[in-house]
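Notes for the one structure printed next.
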There are 2 protein chains.
Amino acid sequence: MEYVGSASAEAFITQTRRRRVYDENREFKSKNLDAERRRRQKLSDRLLTLRSLVPIITNMNKATIVEDAITYIEKLQSTVKALSDKILELESSLELEEAGMPRIIEIDAAEEMKKHGIEEDVEVTNIDGSKLWIRIIFANKRGRITKFLEAMASHGFELSDTNVTTSKGATLISSCVKGVYSYKLEVEQMRELLQEIITSM
Amino acid sequence: MEYVGSASAEAFITQTRRRRVYDENREFKSKNLDAERRRRQKLSDRLLTLRSLVPIITNMNKATIVEDAITYIEKLQSTVKALSDKILELESSLELEEAGMPRIIEIDAAEEMKKHGIEEDVEVTNIDGSKLWIRIIFANKRGRITKFLEAMASHGFELSDTNVTTSKGATLISSCVKGVYSYKLEVEQMRELLQEIITSM
DNA sequence: TTATACACGTGACAC
DNA sequence: TGTGTCACGTGTATA
């Protein structure tokens, strides 16, 4: 610095030469030398810690460390925003789903059913070659009745004289079943289908 | 540095003096002066950018900027983890709720119903002083039948000869209603209650 | 050799 | 007052 023609360099030369006279030779130390050392080491340590936090390191430069930290923070911020948005979306979905009916009621339904000695059941009886009568009992569960009705419809069965009763956590459905496409309805086949539908609900 | 008795200081003095001889006086510039200037400015700029990204600034020091960035990154990381956990929890809840039935079917239900000219309806007819016959039509919606049955039960009404039919996005329920606690059942009162139950579902 | 990054000691400045 | 922070120019090591 002392050989550059800038103003600060001139000042430096002046003071240094003054100092040099005081200290005679090779003994002068700046007053803030230790403080400056501490400062430098502190910054270096922090940068090292910062680097350890950032997963993607492109280079070991001080500037690059900070640069990577910047992009990482930006990524984290956008991630937080995206996750928050997703949570809001999920929460509104859940509210629509629940619509004031906590899931605990469903659990209680199965327990209450068991308490009253009611068990899930499927009965199928033949009326004539193209018509069956069914009677099923299952635990109350939100949407189960509709799901059952839609499952039967999607399998090509038409329900008539359907009777629904819910009591003590259980739902009882009795109905006549007619095949829309086929005229032959096997009892055992229908029983298995009903079991399958209920367990999948 | 040139007045400190360290090895590097000795080397510095040596080379400087050599250079000084070449440059005569006050004209010597280090070869990497510009590069060093650029490097310092780059790091400073990055630190400034980093500071602008961190919301909580305790101090303007370089070390403090990095320190704040560190705590901010740690906070962001834990936030991301917490949000991810919450999303997983919400998603599993949603899966339990939905159990394989997308909500779009519900929306289509109302549309299909309208397409076929079916409208929501509530009819109440008196059978005798303690018995009413009801017939309601509403759009298919997961859990609506169960909710309706439970709402009626919680209002102290007993359903008998209940008949449920679902077709073209609509659910039709016809049933006899008997009051468990009171023997007087007003037709208009029941109609309003049913409307209230349906709109709240 | 050249180019790049770093640590160093220092003067200036702020509080 | 001194204590801490900064930018500066430099020598050196690495590639």
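In what follows, every chain begins at residue 1, and chains take the letters A, B, ... in the order their sequences are listed.
Distance CG (B:D34) to P (C:dT2): 16 Å, rounded to an integer number of Å. To the nearest angstrom, P of D:dA13 lies 14 Å from NZ of B:K31. Between B:Q41 atom CD and D:dG9 atom P the separation is 13 Å, expressed in whole Å.
For the OP1/OP2 pair of C:dG9 and a distance below 4.0 Å, the side-chain nitrogens and oxygens of A:R37 include at least one atom meeting the criterion.
Residues that satisfy the side-chain hydrogen bond (donor to acceptor under 3.5 Å, both in side chains) test with B:E89, not counting sequence neighbours, are absent from this structure. In this view, A:T64 and A:N61 satisfy the side-chain hydrogen bond (donor to acceptor under 3.5 Å, both in side chains) rule, not counting sequence neighbours. Qualifying side-chain hydrogen bond (donor to acceptor under 3.5 Å, both in side chains) partners for A:Q41, counting only residues two or more places apart in sequence or in other chains: none. Legend: residues meeting side-chain hydrogen bond (donor to acceptor under 3.5 Å, both in side chains) with A:R191, ordered by chain and number and at least two apart, are A:E188.
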Dump the pairs, protein N or O against N or O of nucleotides 4-7 of chain C, anything under 3.5 Å, distances to one decimal.
| from | atom 1 | to | atom 2 | distance (Å) |
| --- | --- | --- | --- | --- |
| C:dA5 | OP1 | A:N61 | ND2 | 3.1 |
| C:dA5 | N6 | B:N32 | ND2 | 3.1 |
| C:dC6 | OP1 | A:K62 | N | 2.7 |
| C:dC6 | OP2 | B:R39 | NE | 3.2 |
| C:dC6 | N4 | B:E36 | OE1 | 2.8 |
| C:dA7 | OP2 | A:K62 | NZ | 2.7 |
| C:dA7 | N6 | B:E36 | OE2 | 3.3 |

Show which side-chain atoms of residues 169-176 of chain A pair as donor or acceptor with protein atoms under 3.5 Å away, not counting sequence neighbours.
| from | atom 1 | to | atom 2 | distance (Å) |
| --- | --- | --- | --- | --- |
| A:T171 | OG1 | A:N140 | OD1 | 2.3 |
| A:S175 | OG | A:S160 | O | 3.2 |
| A:S175 | OG | A:T162 | OG1 | 3.1 |

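Annotation: side chain of B:V177 is in contact with side chain of B:M152 (closest heavy-atom distance under 4.5 Å).
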